[in-house]
Amino acid sequence: MNSNYLQRQPLAGNLIPKPVRVEKGKGPFSLTPKTEIVIPAESPAIGEIGAQLAAILAPLGGTPLKVSVCSGPPPEGSICLNTGSYPQLGAEGYRLEVGPNLVSLSANEPGGLFYGVQTIKQLFSSGPKGGPGLIEGVIIEDFPRFSWRGAMLDVARNFFSVQDVKGFIRYLAAYKFNRLHLHLSNDQGWRIMINSWPNLALHGGSGAVSGGRSGYYSQEEYSEIVAYAQSKQIIVVPEIDLPGHTTAALASYPELNRKGIAPPLYSGTEVGFSSLAPEKDLTYRFVSDVLEELAALTPGPYLHVGGDEALSTTPEEYEIFMSQLQPIVARLGKTMIGWGEIAHTPLQAGTIVQIWRREEIDAKKAAAQGVQVIMSPAYRAYMDMKYNESTKLGLSWAGLIKVEDAYNWDPAEVHALVPQNKILGVEAVLWTETIRTMADLENMVFPRLAGYAEIGWSPRKNRSWEEYRYRLAAHGRSWEKENINFYRCPEVPWGEQV
Ligand code: ACM
C-alpha cells in the first residue's frame, strides 16, 4: 500500500510553497522509535530547530525523538541538520536529501534549516493516511524568490490575545512567511502599553469596533509575541498608524487634539476623520515617546507608521508631519515603512512603501523616489475581502477575491514602473472590522494564505493555478485534521485524493 501510494503522488508530494528544484532521491525513509535528530555541534539556534522538528515528528514516530550532537558521520536512520557553505542557497535556502537511511538537511543559516523543517513536516503530513511516518526519496534545493513574505493582522479593530497571535504565527511559519505586521493602533483601539503615555492602553485599549474584543498587550506580552515569532524566523513589524486613524489616542489625551477636547472612543467603521495636530509641538513629543518605547521593545529593524487615509489633514500638513516623523524614526535606528500615501511626500533613502490601493499613482510616486516597495494590492492581497457575494464575514470595497484570484497575480506585475529590484516582496493583509474569533480569522485566511506564501517564495515559472489547486486540496486534508475552519471554495477539489 505504501509503495503504491508513493507512486501515485507527484514528486515531493504536495508542497506549498512549491520548491525551486525537486529531484527523485533514493528513499523512502521511515521514522522508527530509534530515529534520532542529529545536529553538528553545540549551537543553541540549531538545537532549538532540532527540538522543534522533534516536537513535529513526535506524533508520527510514536515517541519523542532524541536530539543529539554528533561530530562524526551521522548514525544510520537519523535526520541530520547541518550548516555549511552553499552559495546557491542564500540566507534562507536549504537542501534536503531523503535517502533510505538518512535524511540530510543543510543550509547556510539556521533560518534555512527552519524552512527545511517545515518542508519535512509537509512531506510527512502528506504521507499515507494513518500509516507509518514514511517519506519518499527526494532531493530538494529551495530558496525564496522574495525577502519579504509578510502578513498583517489588525489587532486594533478587534483585539487578539497573545495565544491567538501565537496561533497566527504558527500558521505563517508553516508556510515560510518571515514577517508579521501587527497593526497596533487605529480609531477603535490602542493595543500596546506605552509607559510614558499609559492612558493610550488603559483608555484607548478599552475600545474596539462594535461587537469586537478590546484589550492591549503589556510590554512583556508584546515581547513574548516578538520572541515567539523570532523562534519561527518571523520578524515582527509593529505599526502605529499616524497621523490619521488616531481616535483611540485622541480620546486618551485631550491635549493631543487640535482644540484640546478629547473625542469619545469610536466603534464605527468609517475612516479618514481623525488626525493628530501637525501644528502642535506636543504631537512630535508624543510620537517620539511612543516610537522610542516601541523601538526599544522591537529587535526587528522596522517601524511601520501607517500614513494611510489621512483625509482630515491637508497635503501641506501631511507633508509637515511626515518631514518631522522621518528624523524621529531615523534617530531610533529603524527603517520606516508606510502605506502608499507616504510616497507623495519626500522620503528619506531606505524608506519602504507598502502599496495597497491606487497602485498606479502610489507605485509611480514610489518608483520616482527610488524607494523599495512591498506589494499588498487590496484587490488581490486583502484577506478581509469576501470570497463571493455569499461570504458572511468580510468586506467588499476592493472586490470579491476568489481563492484563484488571490493566487493568480504577481508582485512584479502590479505596476510596470516599479523596477524589479525595488520589489521587496508581498504582504497579505487582514483587517478585522468583521472578524472576532480565531474561527473567523481562519475562514478568511485559509485557503488564501497558502497562495500568498507561494507567490512570495516560489519562482514565477513554477506556478500554475491548475496544478496548485490539487496541492491545495491536499493541504485542506491537513487543515481538517488540525480543525482549522478553512473555506471550502468550489474551485478546489477538496475531496479528491490525488
Ligand atoms: C488601508 O487599507 N487603509 C491601508
Side-chain angles (χ1 to χ4, degrees), residues 16 150-160 164-165 167-168 170-172 174-175 177 181 183 186 188 208-213 267-271 308-309 356-357 359 375-409 414 426-456 465-466 468-496:
I16 298 177
M152 191 209 83
L153 180 61
D154 170 11
V155 294
R157 268 56 175 269
N158 183 73
F159 183 65
F160 283 94
D164 285 347
V165 175
F168 189 58
R170 282 193 291 278
Y171 295 151
L172 298 183
Y175 287 98
F177 284 84
H181 170 179
H183 185 80
N186 210 307
Q188 296 83 351
V209 73
S210 180
R213 297 172 173 181
S267 62
T269 57
E270 296 298 313
V271 296
D308 58 320
E309 297 174 314
W356 66 286
R357 209 183 52 173
E359 301 78 45
M375 290 299 186
S376 303
Y379 67 102
R380 298 291 202 188
Y382 270 30
M383 298 184 286
D384 58 313
M385 291 302 117
K386 291 175 184 288
Y387 296 96
N388 57 47
E389 267 145 26
S390 53
T391 308
K392 288 209 180 64
L393 301 170
L395 305 174
S396 58
W397 59 263
L400 302 169
I401 308 182
K402 287 193 299 191
V403 176
E404 178 176 354
D405 294 337
Y407 178 78
N408 247 341
W409 65 283
V414 172
V426 59
E427 188 171 297
V429 168
L430 186 71
W431 300 104
T432 58
E433 285 96 334
T434 66
I435 312 296
R436 301 290 172 264
T437 62
M438 280 307 270
D440 291 352
L441 176 150
E442 288 166 2
N443 202 248
M444 298 311 279
V445 162
F446 289 101
R448 290 184 287 205
L449 188 75
Y452 304 122
E454 184 146 308
I455 290 170
W465 164 255
E466 269 312 310
Y468 168 76
R469 67 197 188 98
Y470 285 94
R471 279 184 286 131
L472 194 55
H475 284 247
R477 293 191 284 280
S478 299
W479 299 336
E480 247 158 40
K481 284 187 212 144
E482 293 171 51
N483 286 320
I484 292 175
N485 181 34
F486 67 101
Y487 167 58
R488 287 150 177 87
C489 59
E491 65 266 39
V492 170
W494 300 109
E496 288 172 35

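For the numbers below, each heavy atom of this structure counts, side chains included, while hydrogens, waters and symmetry mates do not. Position 1 is the first residue of the sequence; numbering continues from there.
Remark: Phe159 pairs with Tyr217 by the ring-ring contact (aromatic ring centres under 6.0 Å, His included) rule, at least two apart or across chains. Take Tyr387 and apply the ring-ring contact (aromatic ring centres under 6.0 Å, His included) test, not counting sequence neighbours, and it matches Tyr487. For Glu270, the salt bridge (charged side-chain N to carboxylate O under 4.0 Å, His left out) test picks out no residue, with sequence neighbours left out. Legend: residues meeting side chain to side chain donor-acceptor pair (under 3.5 Å) with Thr434, ordered by chain and number and at least two apart, are absent. Every residue was checked against the salt bridge (charged side-chain N to carboxylate O under 4.0 Å, His left out) condition with Arg357, not counting sequence neighbours, and none meets it. Residues satisfying the side-chain contact (heavy atoms from CB on, under 4.5 Å) criterion with Ser478, sequence neighbours excluded, are Ser125, Glu482. Trp409 pairs by the ring-ring contact (aromatic ring centres under 6.0 Å, His included) definition with nothing, not counting sequence neighbours. Not counting sequence neighbours, the partners of His181 by the ring-ring contact (aromatic ring centres under 6.0 Å, His included) test are His304, Trp339.
Atoms CG and CZ, from Leu472 and Arg477 in turn, are 10.5 Å apart once rounded to the nearest 0.5 Å.
Listed by first and then second residue, the salt bridge (charged side-chain N to carboxylate O under 4.0 Å, His left out) pairs involving residues 427-437 are Arg157-Glu433 (not counting sequence neighbours). Counting only residues at least two apart or in different chains, salt bridge (charged side-chain N to carboxylate O under 4.0 Å, His left out) contacts with residues 438-449 are absent. Residue pairs meeting the salt bridge (charged side-chain N to carboxylate O under 4.0 Å, His left out) criterion with at least one partner in residues 485-494, sequence neighbours excluded, are Glu480-Arg488. Residues in residues 383-407 take part in these salt bridge (charged side-chain N to carboxylate O under 4.0 Å, His left out) pairs, two or more places apart or across chains: Arg380-Asp405.
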| request: Any chance you could lay out the ring pair (Phe, Tyr, Trp, His ring centres under 6.0 Å) test for Tyr171 and Trp479, step after step, and finish with the verdict? | output: CA-CA 10 Å; Tyr171 295 151; Trp479 299 336; 9.1 Å; no

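You'll find the ring centres of Phe168 and Phe160 outside the 6.0 Å limit.
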